[in-house]
2 protein chains.
Amino acid sequence: MAVTDEAIDKIKEMLLRGELKAGDRLPPEKELSDRLGLSRSSLREAVKALELIRVLDVRRGDGTYVTSLDAKLLNEAVAFVVELHQDKSILELFEVRRILEPATAFIAASKISSAELLELRATMDGIDEHTDVEELVAHDLEFHRIISRAAGNAYLESLLDALSGSTVRARIWRGLTQDRAVAHTLAEHKAIADALARGDAELVRALVTVHISGVESWLRQAL
Amino acid sequence: MAVTDEAIDKIKEMLLRGELKAGDRLPPEKELSDRLGLSRSSLREAVKALELIRVLDVRRGDGTYVTSLDAKLLNEAVAFVVELHQDKSILELFEVRRILEPATAFIAASKISSAELLELRATMDGIDEHTDVEELVAHDLEFHRIISRAAGNAYLESLLDALSGSTVRARIWRGLTQDRAVAHTLAEHKAIADALARGDAELVRALVTVHISGVESWLRQAL
DNA sequence: CCGGCCGCAAACATCCGATGAATCCCGCTA
DNA sequence: TAGCGGGATTCATCGGATGTTTGCGGCCGG
């Protein structure tokens, strides 16, 4: 194709060249379309595409802005794709997670603050095997998110977040719940939190590996 | 916003629900826009967005098709984002790569075929410290790609590919070349290939870790 | 009967202009 | 000075017109 894709490229280049920076406002649709030499409709298609992957933020009645362009972009883009790949090749996605999660936790072990440790404990309050699935998923998501955030790498955090999309996770939990494995999983969470508190990085890595692999092997058998 | 984003969601749902499968052709723009209750212009914006992340494939004069929906989607989406983040937080991205690459190579060590080993050797033919940067980058990209492919996980392959976008890599090589470190890097490649040939997974993992970390520390000092 | 060429029809590409809706900002008023 | 319009700006959405590309089927010659 041509015109619209050219527009996407040109906008991308403006970003790379620093001509447009995070937070900047783009010229009005009319002006920009004139400048890039295409119609407003076509430009809008380009902008819409860049908006989907969160590069641009369009505010009706106000203008179009460049987003913060931080690591969260990865989350949006990857999450969309992951969602489409559910069921299908979930196991391959899980393999990626099994690599990233222990490594991330290992890094986090030496960096986690006491405030974050408290937060981690807090997610476990009031959660037991009788909690409903909704809440279990929320807890699990938060638990892993705190750890990945403690690792101090926004891209890792984003990727892990996307890889464990809530829908994927919801299905897994639903399955685990039926198998009465909730207590076991929660105990693993507790062990991980304890090891993190002691700063025992090696143990953390091992525990997380076991934790993730456990879910993975359950999944493998369930399919 | 509303109409266009609704359209994106509806199309996504059609995919999730299996109403649309990989390779299927969408109804013509006019018909689909009627069915979804919006104008053709707005629908086109939605389609364009889905095309950017390679979910849809629009063929002019023919129709719009659903792509294979395989792991390559990740590549496209992530590569776009990574490209925007050059210079900026390259080190954080490198940290992710340092996690994934050794783990991937470790897996590859037990799976790599003799054909792939030959391919790996072939990439090294005719490459020495006098080769020009273009070719060095191509070699490096191919070398790592073969290994990640051998690991047999398409998502890993895609992610690594995106993380080591050619532009990023080109800059690094340009720097390395100036520091006369090419020979050293090539020697590391050879050592990795040898270890893979012997199926020594642990050694492969260590070598790759050293290899990646070497580039990383050079990068850290160069910034 | 087979293969190639031609032209029609289908489908996307691009553009334009009009109307609606949300937001912002400035000036007016109490 | 604080609050309230109201106009100007900007995006949202629509419908239609015209151009290009592609696919396909039919026609013609070998």
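In the text below, chain A, chain B and the rest are named by the order of the sequence lines, each starting its count at 1. On a predicted model such as this, the values are computed, not experimentally measured, just so you know.
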Exercise. Can you check the D34(B) CG to dC14(D) P distance for me, whole Å?
Worked result: 11 Å

Exercise. In whole angstrom, what separates E31(A)'s CD from dT10(D)'s P?
Worked result: 8 Å

Exercise. Does any donor-acceptor pair link the side chain of R40(B) with the base of dA13(C) at a separation under 3.5 Å?
Worked result: yes

Exercise. Any donor-acceptor pair under 3.5 Å between the side chain of S41(A) and the base of dC16(C)?
Worked result: yes

Exercise. E45(A) has an atom CD; how far is it from atom C1' of dC11(D), in whole Å?
Worked result: 16 Å

Exercise. Within a strict 4.5 Å, meaning less than it, do heavy atoms of the I147(B) and I192(B) side chains meet?
Worked result: yes

Exercise. Could you give the CG-to-P distance, from D62(A) to dA21(C), as a whole number of Å?
Worked result: 19 Å

For this session: For dT13(D), take OP1 and OP2 only and decide whether either is under 4.0 Å from a side-chain N or O of S39(B).
Result: no

For this session: Before giving the answer on side-chain hydrogen bond (donor to acceptor under 3.5 Å, both in side chains), spell out for R40(B) and S33(B) the whole-Å C-alpha distance, their side-chain angles and the decisive distance to 0.1 Å.
Result: CA-CA 5 Å; R40(B) 224 189 109 228; S33(B) 61; over 6 Å; no

Problem set entry | Short side-chain N/O contact from T4(A) to OP1 or OP2 of dT14(C), under 4.0 Å | yes

Problem set entry | Length of the line joining R59(B):CZ and dT20(D):C1', which is rounded to integer Å | 17 Å

Exercise. Relative to the 5' end of DNA chain C, which residue comes earlier, R25(B) or L38(A), by the nucleotide with the nearest heavy atom?
Worked result: R25(B)

For this session: Take atom CD of E51(A) and atom C1' of dT13(D), then tell me their distance rounded to the nearest Å.
Result: 15 Å

Problem set entry | Any R44(A) side-chain N or O less than 4.0 Å from OP1/OP2 of dA12(D) | yes

For this session: Please tell me if the side chains of E76(B) and I53(B) come closer than 4.5 Å, counting only heavy atoms from C-beta onward.
Result: no

Seminar exercise, completed: Separation of dA17(D) atom C1' from K30(B) atom NZ, nearest Å, is 14 Å

Exercise. Expressed in angstrom and rounded to an integer, what is the separation of E29(A) atom CD from dA21(C) atom C1'?
Worked result: 14 Å

Problem set entry | Donor on one side chain, acceptor on other, D161(B) and H144(B), under 3.5 Å | no

For this session: Look at the side chain of R60(A) and decide which nucleotide, out of dG19(D), dA22(C), dT14(C), has an atom nearest to it.
Result: dA22(C)

Exercise. Can you tell if the side chain of L163(A) reaches within under 4.5 Å of the side chain of F94(A), non-hydrogen atoms only?
Worked result: no

